[in-house]
Chemist: 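Quick one: this structure, given as structure tokens, is what I'll be asking you about.
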Protein chains: 2
Amino acid sequence: MKKLNVANYLLENKIKPSYQRKRIYEYLLEHRNHPNVNVIYDALIDEIPSLSKTTIYNTLKLFVQKNIVEEITIEGNEIRYDLYNPNSHGHFRCDICKNIYDIDLDEEKKDEIADLKGFKVQKAYYHFKGVCKECLEKQKKKT
Amino acid sequence: MKKLNVANYLLENKIKPSYQRKRIYEYLLEHRNHPNVNVIYDALIDEIPSLSKTTIYNTLKLFVQKNIVEEITIEGNEIRYDLYNPNSHGHFRCDICKNIYDIDLDEEKKDEIADLKGFKVQKAYYHFKGVCKECLEKQKKKT
DNA sequence: ATTCTTGCAAATCATTTGCACTTTA
DNA sequence: TAAAGTGCAAATGATTTGCAAGAAT
């Protein structure tokens with residue numbers, strides 16, 4: 001049932017649903033943890049031993065072009081990925097555990113926050129860094 | 001006069017003002033264009049032929065540690081730098097000319113935009129991408 | 001003389017590219 | 001069987017690391 005849905009969804013977006021593409025999309029669907037290419041690779045390599053990182057790069061680039069996935073560049077050295085999410089939201093990166101969390105944004109304030117006179121804005125990103133709840137609690141316990 | 005100021009400023013921040021460090025800091029002071037390491041290297045290599053990129057990396061890392069410079073990770077593949085600026089502001093990256101512009105933010109809305117319950121936020125970044133005024137006008141002319 | 005700074009060369013890491021093999025319609 | 005998809009191996013580009021030579025106190 002689920003596999004059928006993903007295949008259809010890809011087809012609707014003019015993407016041929018190869019096995020690799022389906023599994024990569026399903027990974028993103030089931031793990032909303034903003035993975036990078038290595039995380040996806042490690043997760044799928046046992047199941048698809050022939051899988052190469054090139055294919056993951058190719059696939060994600062295709063997904064981004066077709067607007068069903070978006071890139072998150074919250075860290076300087078790597079690109080992370082998530083399903084395309086039309087609801088505006090921000091990202092919080094924990095300095096300790098490196099996890100990235102989705103953050104709800106106030107729709108109105110978001111649009112009024114910046115004075116972008118003359119510039120044509122296509123995308124807006126709201127990134128926060130600090131320490132997440134879990135890591136804060138772990139720190140407390142140590143003391 | 002200016003050189004003396006920079007040297008003193010570095011000393012105040014517990015940084016020994018070597019020639020390279022002074023010139024790199026002065027570059028950032030005089031060019032508020034959010035350069036990456038290569039841009040700084042190209043700008044200084046004629047004047048300091050022995051300069052290496054390693055030194056620029058070392059120096060910028062030191063400046064960031066000492067909180068007089070900040071990193072801007074608006075693009076996935078490179079780190080750009082700017083003087084540390086305590087006034088909250090955002091960045092706009094033009095997809096055409098790749099320039100990065102500072103953007104004024106509404107102080108109040110900025111703080112109320114996100115519901116970060118339980119998370120300890122240390123830094124917030126507001127990034128916008130699109131087409132800048134100049135490039136928009138160039139596009140119009142072509143038509 | 002000891003410590004700090006510089007910078008070369010090599011290593012690393014994420015990503016891209018060229019190309020040949022395989023799969024699929 | 002032509003077109004599309006995959007994946008190996010090499011290339012690229014940004015950044016880091018190890019280390020030796022040079023400068024400063």
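Proteins get letters first, then strands, A, B, ... in listed order; numbering begins at 1 in each. The basis for the numbers below is simple: all heavy atoms, side chains too, and nothing from hydrogens, waters or symmetry mates.
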Chemist: Can you check the B:Q20 CD to D:dA24 C1' distance for me, whole Å?
Modeler: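 Rounded to the whole Å, the gap is 13 Å.
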Chemist: Measure centre to centre between the rings of B:Y25 and B:F63, then say whether the value is under 6.0 Å.
Modeler: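 Distance test on ring centres: under 6.0 Å, yes.
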Chemist: Using a strict 4.0 Å threshold on nitrogen-to-oxygen distance, state whether A:K129 and A:D95 make a salt bridge.
Modeler: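 Looking at A:D95 together with A:K129, the answer is no, because their closest N to O distance does not fall below 4.0 Å.
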Chemist: Please check if B:I100 and B:Y81 belong to a single hydrophobic cluster, counting links between Ile, Leu, Val, Met, Phe, Trp and Tyr side chain heavy atoms closer than 4.5 Å.
Modeler: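 No.
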Chemist: D:dA4 C1' sits how many Å from A:L62 CG, rounded?
Modeler: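 Value for this atom pair: 11 Å.
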Chemist: Check every nucleotide of DNA chain C for an atom under 4.0 Å from a heavy-atom of chain A, then give the first and the last such nucleotide from 5' to 3'.
Modeler: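 Listed 5' to 3', the contact boundaries are C:dA14 to C:dT17.
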Chemist: Tell me: CD1 of A:I40 to P of D:dT6, nearest whole Å?
Modeler: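 In whole Å, D:dT6 P lies 14 Å from A:I40 CD1.
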Chemist: At 4.0 Å (heavy atoms only), tell me whether B:T55 reaches a base, stays on the sugar-phosphate, or touches nothing.
Modeler: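 Answer is base: heavy atoms of B:T55 come under 4.0 Å of a base.
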Chemist: What's the CD1-P distance between A:I24 and D:dG5, to the nearest Å?
Modeler: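 The distance from CD1 of A:I24 to P of D:dG5 comes to 13 Å, rounded to the nearest Å.
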Chemist: Let me confirm one number: the NZ-CD1 distance from A:K120 to B:I96, rounded to the nearest 0.5 Å.
Modeler: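 The CD1 atom of B:I96 is 8.5 Å from NZ of A:K120, to the nearest 0.5 Å.
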Chemist: Looking at CD1 of B:I72 and NE2 of B:H127, how far apart are the two atoms once the value is rounded to the nearest 0.5 Å?
Modeler: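 If we round to the nearest 0.5 Å, B:I72:CD1 and B:H127:NE2 are 6.5 Å apart.
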Chemist: So which protein N/O to nucleotides 13-16 of chain D N/O distances come out below 3.5 Å?
Modeler:
from   : atom 1 : to    : atom 2 : distance (Å)
D:dT15 : OP1    : B:I79 : N      : 2.8
D:dT15 : OP2    : B:Y57 : OH     : 2.7
D:dT15 : O5'    : B:Y57 : OH     : 3.3

Chemist: How close or far is atom P of D:dG5 from atom CZ of A:F63, stated in whole angstroms?
Modeler: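 So the two atoms are 11 Å apart, to the nearest Å.
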Chemist: Can you confirm if the aromatic rings of B:F128 and B:F92 lie within a centre distance of less than 6.0 Å?
Modeler: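 Not close enough - the centres of the two rings lie 6.0 Å or further apart.
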Chemist: Could you verify whether a donor N or O on one side chain and an acceptor N or O on the other, from B:D102 and B:H91, lie under 3.5 Å apart?
Modeler: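 B:H91 and B:D102 do have a side-chain donor-acceptor pair below 3.5 Å.
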Chemist: Using OP1 and OP2 only, check whether a side-chain N or O of A:S18 sits under 4.0 Å from D:dG5.
Modeler: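 False: A:S18 side-chain N/O out of range (4.0 Å or more) of D:dG5 OP1/OP2.
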Chemist: OH of B:Y19 versus C1' of D:dG22: gap in Å, rounded?
Modeler: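 B:Y19 atom OH is separated from D:dG22 atom C1' by 18 Å.
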Chemist: Can A:Y125 and A:E70 be counted as having a side-chain donor-acceptor contact under 3.5 angstrom?
Modeler: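 On atom types as modelled, these side chains do not qualify, holding no pair under 3.5 Å.
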Chemist: Specify the separation, in whole Å, of atom CG of A:N58 and atom P of D:dG7.
Modeler: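 Value for this atom pair: 10 Å.
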Chemist: Salt bridge or not for B:E78 and B:R80, using N-O below 4.0 Å?
Modeler: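 Looking at B:E78 and B:R80, the cut-off is met.
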Chemist: In whole angstrom, what separates A:R21's CZ from D:dA4's P?
Modeler: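 The distance from CZ of A:R21 to P of D:dA4 comes to 11 Å, rounded to the nearest Å.
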